[in-house]
Amino acid sequence: MQKACCNIQDSNKRLLSCSITFVGPVQQGPAQLTIEILREGKSVTTLETRLWQDGAVQTILVASFGVPRTSNIEVRQEPIVPAYAQPEDLQPIPFARQMPECYQHFDVCWAEGHHPVTGSQYPDFGGWARFSPEKHENRQMTLPDLIVLMDIWPPGVLPMFKQVAPASSLTWHITYVHPFRHQ
């Protein structure tokens with residue numbers, strides 16, 4: 001996302017939405033990014049970023065950046081923030097060998113719902129996530145960091161699994177009701 005943001009020439013344009021398709025698994029090792037501006041208008045720029053490994057596309061991101069506009073319409077669809085316990089009062093899930101290695105860099109704390117692979121009847125869960133303070137001391141949050149924190153949560157159905165099995169997100173989409181200034 002950081003490289004994609006660098007291609008936006010108008011500093012007034014903020015991220016409005018992004019869609020990500022996980023085509024294949026990204027392995028540890030070298031990767032290449034290609035970025036194509038699909039359209040650059042006065043108000044909105046849309047671009048596509050592809051992550052390649054070993055000559056194959058592994059991830060595709062399509063993002064739209066736009067300038068603020070005045071409007072007479074006000075949409076009030078903002079969700080109510082859940083009344084979760086504070087992260088300091090919760091225990092981060094411990095890293096287990098079945099988890100992706102990247103989890104070692106994060107604190108993920110369940111505040112509601114069941115943990116993965118507990119045979120829950122419901123896929124709903126929620127909580128807190130952050131970069132591990134021990135491994136990322138004084139980290140300044142950027143737009144790419146926010147995207148990473150959105151993706152650290154497991155697929156929603158994982159609590160319904162009764163035993164460990166392969167699972168991954170295939171796609172996800174974020175729309176920013178209040179556009180986020182990229183850094």
Side-chain angles (χ1 to χ4, degrees), residues 1-71 73-82 99-103 105-109 116 123-132 136 139-158 167-183:
M1 178 53 88
Q2 184 69 36
K3 191 163 179 139
C5 292
C6 292
N7 281 270
I8 304 302
Q9 301 303 315
D10 185 342
S11 63
N12 292 318
K13 289 184 179 175
R14 302 209 173 114
L15 182 63
L16 302 174
S17 68
C18 65
S19 295
I20 297 181
T21 299
F22 301 98
V23 179
V26 175
Q27 303 300 320
Q28 192 168 1
Q32 298 80 38
L33 293 175
T34 57
I35 298 172
E36 178 182 356
I37 294 180
L38 302 175
R39 182 173 189 280
E40 187 162 15
K42 185 172 73 172
S43 298
V44 175
T45 298
T46 301
L47 57 79
E48 177 186 82
T49 302
R50 291 180 178 222
L51 184 142
W52 299 75
Q53 277 190 320
D54 298 324
V57 174
Q58 301 299 348
T59 307
I60 301 170
L61 171 129
V62 176
S64 296
F65 298 80
V67 295
R69 292 184 183 181
T70 56
S71 175
I73 298 171
E74 186 174 335
V75 178
R76 294 189 178 264
Q77 287 185 306
E78 297 179 33
I80 298 171
V81 176
M99 299 167 76
E101 281 187 45
C102 64
Y103 270 80
H105 292 274
F106 299 92
D107 287 346
V108 179
C109 299
D124 298 331
F125 58 83
W128 302 96
R130 67 180 178 185
F131 285 88
S132 169
H136 299 273
R139 186 181 188 104
Q140 297 295 312
M141 284 296 290
T142 65
L143 178 58
D145 289 333
L146 180 62
I147 300 291
V148 167
L149 286 173
M150 299 294 176
D151 191 43
I152 198 60
W153 290 98
V157 297
L158 224 50
S168 66
S169 301
L170 294 176
T171 62
W172 56 262
H173 180 82
I174 299 175
T175 298
Y176 295 91
V177 175
H178 301 290
F180 193 91
R181 178 181 293 280
H182 57 278
Q183 296 177 4

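All values reported here derive from a predicted model rather than from experimental measurement. All values below come from the heavy atoms of this structure, side chains included, with hydrogens, waters and symmetry mates left out.
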- Query: Where do L149 and M141 land on the side-chain contact (heavy atoms from CB on, under 4.5 Å) test, with the steps shown first?
  - Reply: CA-CA 10 Å; L149 286 173; M141 284 296 290; 3.6 Å; yes
- Query: Would a distance-only check, ignoring hydrogens and angles, find a side-chain to backbone donor-acceptor pair under 3.5 Å from E48 to L38?
  - Reply: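 A pair under 3.5 Å: no.
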- Query: Under the 3.5 angstrom rule, does the side chain of S169 hit a backbone N or O of T171 as a donor-acceptor pair?
  - Reply: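 Not confirmed, S169 side chain does not pair with T171 backbone.
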- Message: Show every salt bridge (Lys or Arg N to Asp or Glu O under 4.0 Å) that has at least one partner inside residues 145-157, sequence neighbours left out.
- Response: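 Those involving residues 145-157 are R139-D145.
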Quick one: pull up [atom1] in [X] and [atom2] in [Y] and give me the separation to the nearest 0.5 Å.
X	Y	atom1	atom2	result
L33	T49	CG	OG1	7.0 Å
I37	T45	CD1	OG1	6.5 Å
W172	C18	CH2	SG	5.0 Å

- Task: Start with the C-alpha gap between H173 and T175, add the side-chain angles, then the distance that decides, and say whether side-chain hydrogen bond (donor to acceptor under 3.5 Å, both in side chains) holds.
- Result: CA-CA 7 Å; H173 180 82; T175 298; 3.0 Å; yes
My understanding is that only residues two or more places apart in sequence, or in another chain, count here; which of them pass side-chain contact (heavy atoms from CB on, under 4.5 Å) with [X]?
X	answer
M99	I93, F95, A96, Y103
Q28	E101
Q32	W52

- Task: Check the pair I147, I20 against side-chain contact (heavy atoms from CB on, under 4.5 Å), reporting the backbone distance first and the verdict last.
- Result: CA-CA 10 Å; I147 300 291; I20 297 181; 4.2 Å; yes
Close side-chain approach of [X] to [Y], heavy-atom, < 4.5 Å:
X	Y	answer
D107	W128	no
P116	F125	no
F22	L170	no

Contacts table for residues 54-69: side-chain donor-acceptor under 3.5 angstrom, sequence neighbours left out:
residue, atom, partner, partner atom, Å
S64, OG, T46, OG1, 3.2
R69, NH2, S43, OG, 3.2

- Task: Please name the pair of heavy atoms, one in K42 and one in K13, separated by the smallest distance, quoted to 0.1 Å.
- Result: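 That closest heavy-atom pairing would be O-CE, 3.7 Å.
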- Shortest non-hydrogen separation from S71 to I73 and the atoms involved: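 Where S71 meets I73 most closely, the heavy atoms are OG-N, 3.0 Å.
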- Query: Please walk me through it: do V23 and L51 pass side-chain contact (heavy atoms from CB on, under 4.5 Å)?
  - Reply: CA-CA 10 Å; V23 179; L51 184 142; over 6 Å; no
- Any residue meeting ring pair (Phe, Tyr, Trp, His ring centres under 6.0 Å) with H136, in chain and number order, not counting sequence neighbours: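 H136 satisfies ring pair (Phe, Tyr, Trp, His ring centres under 6.0 Å) with H105, F131 only.
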